[in-house]
Asker: 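The structure under discussion is supplied below as structure tokens; questions concerning it will follow.
One-based numbering along the sequence shown.
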Amino acid sequence: VEVTGANSHQTRISLLVPDQPGTIREVADICRERGGKIRSILASYAQVPEGQRELVMRVSCPDTPGLKEDLAARYQGVLVRED
């Protein structure tokens with residue numbers, strides 16, 4: 001649980017990305033551009049459309065609304081929850 005960041009008070013972001021090399025790096029780059037740090041990241045193929053995967057991240061970011069906006073402009077299913 002500690003490794004996933006589930007017991008911490010950080011922002012949880014989930015989104016769907018294409019299942020292809022480099023997409024996690026693209027998401028990380030967007031996060032860094034907003035001054036954020038990814039504390040943990042998990043990928044899953046459970047219950048997502050063929051050709052995609054779900055990323056679930058715990059991030060600390062001074063501009064969470066801007067990060068959500070940037071991610072939503074490129075990816076589907078962006079959900080943000082403040083824990």
Asker: What's the separation between atom NZ in K68 and atom CZ in R34, rounded to the nearest 0.5 Å?
Answerer: 13.5 Å

Asker: Is a side-chain donor or acceptor of T23 paired with a backbone partner of P18 at a separation under 3.5 angstrom?
Answerer: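 Side chain of T23 to backbone of P18: a pair is present.
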
Asker: If you round to the nearest 0.5 Å, how far is CD of E54 from CG of L16?
Answerer: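 If we round to the nearest 0.5 Å, L16:CG and E54:CD are 6.0 Å apart.
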
Asker: Check M57, R53, R74, Q76 against L15 for a side chain to side chain contact (heavy atoms under 4.5 Å, CB included) and give me the one that passes.
Answerer: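 For L15, the side chain to side chain contact (heavy atoms under 4.5 Å, CB included) check succeeds only for M57.
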
Asker: If you round to the nearest 0.5 Å, how far is CG of L71 from CG of L79?
Answerer: 11.5 Å

Asker: Going through the checks in order, is the side chain to side chain contact (heavy atoms under 4.5 Å, CB included) test met by V56 and I41?
Answerer: CA-CA 6 Å; V56 179; I41 187 166; over 6 Å; no

Asker: Mind checking the SG-NZ spacing from C61 to K37? Nearest 0.5 Å is all I need.
Answerer: 11.5 Å

Asker: Can a donor-acceptor pair be found between the side chains of R81 and T11 at a distance below 3.5 Å?
Answerer: no

Asker: Under 4.5 Å between any side-chain heavy atoms of E82 and T64, yes or no?
Answerer: yes

Asker: Measure the CG-SG distance between L67 and C31 for me, rounded to the nearest 0.5 Å.
Answerer: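 Atom-to-atom, L67:CG and C31:SG are 5.0 Å apart.
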
Asker: Surrounding CD of E69 (heavy atoms of other residues, nucleotides or ligands, distance under 6.0 Å), is the total greater than 12?
Answerer: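 No - once you tally the heavy atoms of other residues, nucleotides and ligands closer than 6.0 Å, there are 12 at most.
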
Asker: V48 and L55: same hydrophobic cluster, using ILVMFWY side-chain contacts below 4.5 Å?
Answerer: no

Asker: Quiz question: by atom type and distance under 3.5 Å, do the side chains of Q52 and Y45 form a donor-acceptor pair?
Answerer: no

Asker: Side chains of Y75 and V27: closer than 4.5 Å at any heavy-atom pair?
Answerer: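 Sidechains of V27 and Y75: in contact.
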
